[in-house]
Amino acid sequence: MPRCQEMRAHIKELVSQALGYLKRDGELTFETEPVPEVERTRSREHGDYACNIAMVLARGLGMKPRDLAAKIRDRLPDSKRIEKVEIAGPGFLNFFASSHHLRMVVRDILRDADDYGRSPAGSREDVLLEYVSANPTGPLHVGHGRGAAHGASLSAILAAAGHTVHREYYVNDYGRQMDILAVSVWMRYLELAGERVVFPANGYRGDYIYDIAREVRSRHGDDLRHNGPDVTDGLPPDTGDDGDPEVFIDALIKRARELLGESGYEACFRAALETMVDDIRGDLDEFGVTFDRWFSERSLERSGALNRALQRLRDGGWLYEKDGATWFRATDLGDDKDRVVVRDNGRSTYFASDVAYLLDKFERCPGTSLYILGADHHGYVPRLKAAARGLGVDPERLEVQLVQFAVLYRGSERVQMSTRSGSFVTLRELREEVGKDAARYFYVMRSHDQHLDFDLELAKSRASENPVYYIQYAHARIQSVFRKLGETAHRYNPALGETAMERLDSDHEQELLRAVGRYPEVIESAAERRSPHMLAHYLHELAALFHAWYNNSHFLVEDDELRNARLNLINATGQVLRNGLALIGVSAPEEM
RNA sequence: GCGCCCGUAGCUCAGUUGGAUAGAGUGUCGGCCUCCGAAGCCGAAGGUCGCAGGUUCGAAUCCUGCCGGGCGCGCCA
C-alpha cells in the first residue's frame, strides 16, 4: 500500500478516534457515525492534508466550526507522522507531515522502484476497454490517434491502480463498407490486369487499394479476371444526372459476387481485410498501443452470439415485427426512437452486432464495460444504454467516454484535414513527423472532453515550451548528475542518505518531497476520473519543481550526508518520472 | 426543432467531484551561465470564471433561464 494512501487513512483514523472520545465523554452526540474526509491541501502554508469535518458537523451540532475544530484537535492522538495540526480558515484542520513521514516516502519509492504507485493487481474491479475500433477500410488518421492514445494511457493507468484490464479492438468486418472495400480492390485488380473499367464514385480511392490489388494478383494471377463489359454492363448509372453512386455500388457488389463466386469474392474480401487489419495493428504497435483481443464482428454471427443476444431481447419482450423488419423497442428503455435489428432483407444491422458484442463483453467481464468513442458518436449512447437494459444488465456497468476531436496546427496555421487534398492525415505520418513520444503526450495532455489544438511545430520543438521535452529533460538531467558523480571520488550511498533526509529542509526540497509522495494519489485519481491528462499535468509539475531546485542549488556537494540525501531525492524523482511517463507511453531518455 | 459537449488571463488549458488569496504553460517586458546539461531558472504585468437568478457556512464547480461555439438525430458503418 502506497504510503500516502496510508497517510490519508491514518489521518481519518486519528480524527475518528478524536470524535469517538468526544462522544464517549458526552461532549458531542451524533445520530450517525460521521466519516471524515481528508484531502491534499493546495498550498504549503495549509500543511499537507486538510480535514473539513468540523465545518460539516458544526451546523447539526449548533457549534461554530472553528470551536468544534479546536475540540477535535485537542483530542487527536499523537502520531510520529504528524508534525503539527492547525486550525485555519473557516474551520479546516490542517495536518503537517513530519520529516519522519517524508523520509519514509523516499525510502518507499527507492524500494518499490518500478512498482511505486502501483496498487496490487486485481485489487479493484475488472474493466473492459474498447477503443479505436476504426473500420478496417483505410489507414488510421490523426483523429483515431487521440482515441488510441487515450485508450492506451487510460488502460495502463487503470491497471496501475489495481484494476484487471481487458483491452479490445472491435473489427467491423461484416458490413457494407467492407463489401465496398472488397469491390474497390477487385476493380483495381481488373485495371492492373488491363481491363477497361471505370472506378466507382463511392469506391475507396487510396493508393493502398492498388497495393492490395497487386497482392491479390500475385497470389491469384488472372483467376479473378473478367471482361470489362461483363462487369459493368446492365448496371444502373453511377454518376451523371440520373446516376446514384449508392445504388450503383450495391449493384456492383452483387455483380462481383455473381461473377467471382463465393471463393473468388472471399479472396478479394480477405485480402482487403487482412491487409488493412495488419496495417492498423502495425501502426498501433509502433505507437505503443496494444490490445489483448481483436474482436471480429463476423465472429458474432458464426458463434451464434448474435442470435443469442436477439433471443434474449425477444424473451424480454423487447422485439416486434413491422414493415418486414425486426425492431428493438428502445423508446421504452430511454432511447428516442426504436431501432431495427434485422432488416427487411433478412440481414442484421450494425446495431444488432453491437448488442451481441455488448452482451458478450458483459458475460466475459464481471465489472465495467468502457467504450471510448469519438465525440461524433455521442448520439449512440442512449441506444447502447437501452440495449443493456433490454439485455437485463445493469446499465451502470456500461460506461461511455467521449473523446473530442483534435485539430492540427502548424504554428498558428490550421492544417486542413482533407483526404482529397493530400495534406497529411494519417497517424503514421503524424508519428513520422513529431515522433511517438510527442504524439502520445500531446494527445492526452488535455482533458478528453475538451477539443485539442495539436501544434505540430510545438510538438517538434526541443525547448521548454514543449512539455514533452521539458519532462524528458528533467529525467535526462537526473541521469546526467549520476554520470557526473561517477567521475568524482564519491560513490552514491542511499543508506547514508536515508539517515540524513531531515537535511532536505529547503523550500525546493520540501516541495519536491511532497510532490513525489503525491504520485500514487495522482494515479488513483486519474483512474477514478478516467482522466490521463491529470497524470500528464502532474509530470510537468514534477519536472518544474526539479528544474527549479536544480538551478537553485548544487547536488554534488562535499558533505557526504547532504549529498547522499539529495541524491536519494533526485533518484526518487527520476523513478517517479519514469513510472509516470511509462503509463502514458512516453520514453524516459538517459540522455538527450 | 430535440438531445449531448464546451465557454476560466491576449492565446492554449488546469482547477483534486462544493472549500481557504482562481493556477500553469505560452506570449510581452526585465534579469541569471568561471559552477552537476541555459533543451534550464528567477521576477513583473495580465481575471466581471459567457450573462442573470437560485441552492448554503461556502459556488469556476450543483439547479433554472438566456447568449455564444461544436457535434449528433438512417432498415449507413
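Every chain is numbered from 1, with letters handed out A, B, ... down the list of sequences. Any value given below was found using the heavy atoms of this structure, including those in side chains, with hydrogens, waters and symmetry copies removed.
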Note to self: What contact category does A:Asp323 fall into here, base, sugar-phosphate, or nothing, at under 4.0 angstrom with non-hydrogen atoms?
What the structure shows: base

Margin query: Whether A:Arg477 contacts B:rA38 is assessed here as follows: a side-chain N or O lying under 4.0 Å from the phosphate OP1 or OP2. Is that the case?
Written below: yes

Margin query: Taking B:rC41 as the reference, what is the distance to B:rA59 when you measure between their C1' atoms (whole Å, please)?
Written below: 37 Å

Checklist line | Span that lies between the C1' atom of B:rG27 and that of B:rC35, in whole angstrom | finding: 32 Å

Notebook entry, point to check: Which part of the nucleic acid does A:Ser553 contact within heavy-atom distance under 4.0 Å: base, sugar-phosphate only, or nothing?
Noted result: base

Check: Does A:Lys337 make a side-chain N or O approach to OP1 or OP2 of B:rC2 shorter than 4.0 Å?
Finding: no

Check: How long is the line joining CZ of A:Phe546 and P of B:rA38, in whole Å?
Finding: 10 Å

Notebook entry, point to check: Quick one: does A:Asp173 reach the base of B:rA77 with a side-chain donor-acceptor pair under 3.5 Å?
Noted result: no

Next item on the list: For A:Ser447, answer base if it contacts any base atom (sugar-phosphate contacts may also be present), sugar-phosphate if it contacts only those atoms, and nothing otherwise; contact means non-hydrogen atoms under 4.0 Å.
Entry: sugar-phosphate

Notebook entry, point to check: How do A:Glu591 and A:Phe92 order along RNA chain B: which one's closest nucleotide is nearer the 5' end?
Noted result: A:Phe92

Check: Under 4.0 angstrom, heavy atoms only, what part of the nucleic acid is A:Ala463 near: base, sugar-phosphate, or nothing?
Finding: sugar-phosphate

Notebook entry, point to check: Among B:rC13, B:rG27, B:rA77, which nucleotide sits nearest the side chain of A:Asn135?
Noted result: B:rA77

Item checked: N/O (side chain, A:Tyr470) to phosphate O (OP1/OP2, B:rC41) under 4.0 Å -> yes

Check: Does A:Arg477 make a cation-pi contact with A:Tyr550 (under 6.0 Å, within 45 degrees of the axis)?
Finding: yes

Check: Would you call A:Arg563 and A:Asp560 a salt bridge, taking side-chain N to carboxylate O under 4.0 Å as the test?
Finding: yes

Next item on the list: Scan every strand shown for a Watson-Crick or G-U wobble partner of B:rU61, both distances under 3.5 Å, and answer none if you come up empty.
Entry: none

Note to self: Would you measure the distance from the C1' atom in B:rU16 across to the matching atom in B:rU34 and give it in whole Å?
What the structure shows: 45 Å

Next item on the list: Measure from the side chain of A:Val340, starting at C-beta and using heavy atoms only, and say which of B:rC75, B:rU12, B:rC73 lies closest.
Entry: B:rC75

Next item on the list: Identify whether any heavy atom of A:Asn52 sits under 4.0 Å from a base atom; if not, whether one sits that close to sugar-phosphate; answer base, sugar-phosphate or nothing.
Entry: base

Notebook entry, point to check: Quick one: on RNA chain B, does A:Leu93 or A:Ala548 contact a more 5' nucleotide (nearest heavy atom)?
Noted result: A:Leu93

Item checked: Nearest to side-chain heavy atoms of A:His540, which nucleotide of B:rG25, B:rC36, B:rA77 -> B:rG25

Check: NA contact type, A:Asp344, heavy-atom cut-off 4.0 Å: base, sugar-phosphate, or nothing?
Finding: base

Checklist line | Pair A:Asp453 + A:Arg414: basic N to acidic O under 4.0 Å | finding: no

Item checked: Base partner of B:rU56, which must satisfy Watson-Crick or wobble distances under 3.5 Å -> none

Check: Of the nucleotides B:rG72, B:rC75, B:rG19, which has the atom closest to the A:Ala325 side chain?
Finding: B:rC75

Notebook entry, point to check: If you check every side-chain atom of A:Asp336, which of B:rU16, B:rC73, B:rC5 has the closest atom?
Noted result: B:rC73

Item checked: salt_bridge(A:Arg8, A:Glu39) N-O dist < 4.0 Å -> no

Check: Between A:Arg339 and A:Asp335, does at least one N-O distance fall below 4.0 Å, as a salt bridge requires?
Finding: yes

Note to self: Once you apply a heavy-atom cut-off of 4.0 Å, does A:Ala50 come out as touching a base, just sugar-phosphate, or nothing?
What the structure shows: base

Check: Is A:His378 stacked on the base of B:rC71, with ring centres under 5.5 Å apart and planes under 30° apart?
Finding: no

Check: In whole Å, what is the span from the CZ atom of A:Arg518 to the C1' atom of B:rU16?
Finding: 8 Å

Next item on the list: Tell me the partner of B:rA24, counting only Watson-Crick (N1-N3 plus N6-O4 or O6-N4) or G-U wobble (N1-O2 and O6-N3) with both under 3.5 Å; none if nothing fits.
Entry: B:rU12

Notebook entry, point to check: In whole angstroms, how far is the C1' atom of B:rG27 from the CG atom of A:Leu458?
Noted result: 13 Å

Next item on the list: Look at the side chain of A:His533 and decide which nucleotide, out of B:rG15, B:rG7, B:rG70, has an atom nearest to it.
Entry: B:rG15

Note to self: Base, sugar-phosphate or nothing for A:Glu45? Non-hydrogen atoms, less than 4.0 Å.
What the structure shows: base

Notebook entry, point to check: Are any of A:Arg343's side-chain N or O atoms less than 4.0 Å away from OP1 or OP2 of B:rA77?
Noted result: yes

Checklist line | Salt-bridge criterion met for A:Glu487 and A:Lys484 (N-O under 4.0 Å) | finding: yes

Margin query: Between B:rG53 and B:rG74, how far apart are the two C1' atoms, rounded to whole Å?
Written below: 41 Å

Checklist line | Side chain of A:Phe405 - closest among B:rG19, B:rC71, B:rA77 | finding: B:rC71

Notebook entry, point to check: How far does the C1' atom of B:rC42 sit from the matching atom of B:rC51, given to the nearest Å?
Noted result: 40 Å

Next item on the list: Mind checking A:His547 for me? I need base, sugar-phosphate or nothing, with any heavy atom below 4.0 Å counting as a touch.
Entry: sugar-phosphate

Next item on the list: Check the angle between the aromatic planes of A:Tyr170 and A:Tyr350 and answer parallel, tilted or perpendicular using the 30° and 60° thresholds.
Entry: perpendicular

Margin query: What's the closest nucleotide to the side chain of A:Arg176 if the choices are B:rA20, B:rA14, B:rC76?
Written below: B:rC76

Checklist line | Candidates B:rU16, B:rC5, B:rA14 - which lies nearest the side chain of A:Arg529 | finding: B:rU16

Notebook entry, point to check: Can you tell me the Watson-Crick or wobble partner of B:rC66, both distances under 3.5 angstrom?
Noted result: B:rG50

Checklist line | Pair A:Glu301 + A:Arg347, salt bridge at N-O below 4.0 Å | finding: no

Notebook entry, point to check: Which of these nucleotides, B:rU16, B:rC41, B:rU12, is closest to any side-chain atom of A:Arg40?
Noted result: B:rU16

Checklist line | N/O (side chain, A:Gln450) to phosphate O (OP1/OP2, B:rU12) under 4.0 Å | finding: no

Notebook entry, point to check: Looking for any heavy atom pair under 4.0 Å, which part of the strands does A:Tyr550 touch: base, sugar-phosphate only, or nothing?
Noted result: base

Next item on the list: Specify the separation, in whole Å, of atom CE of A:Met534 and atom C1' of B:rU17.
Entry: 10 Å

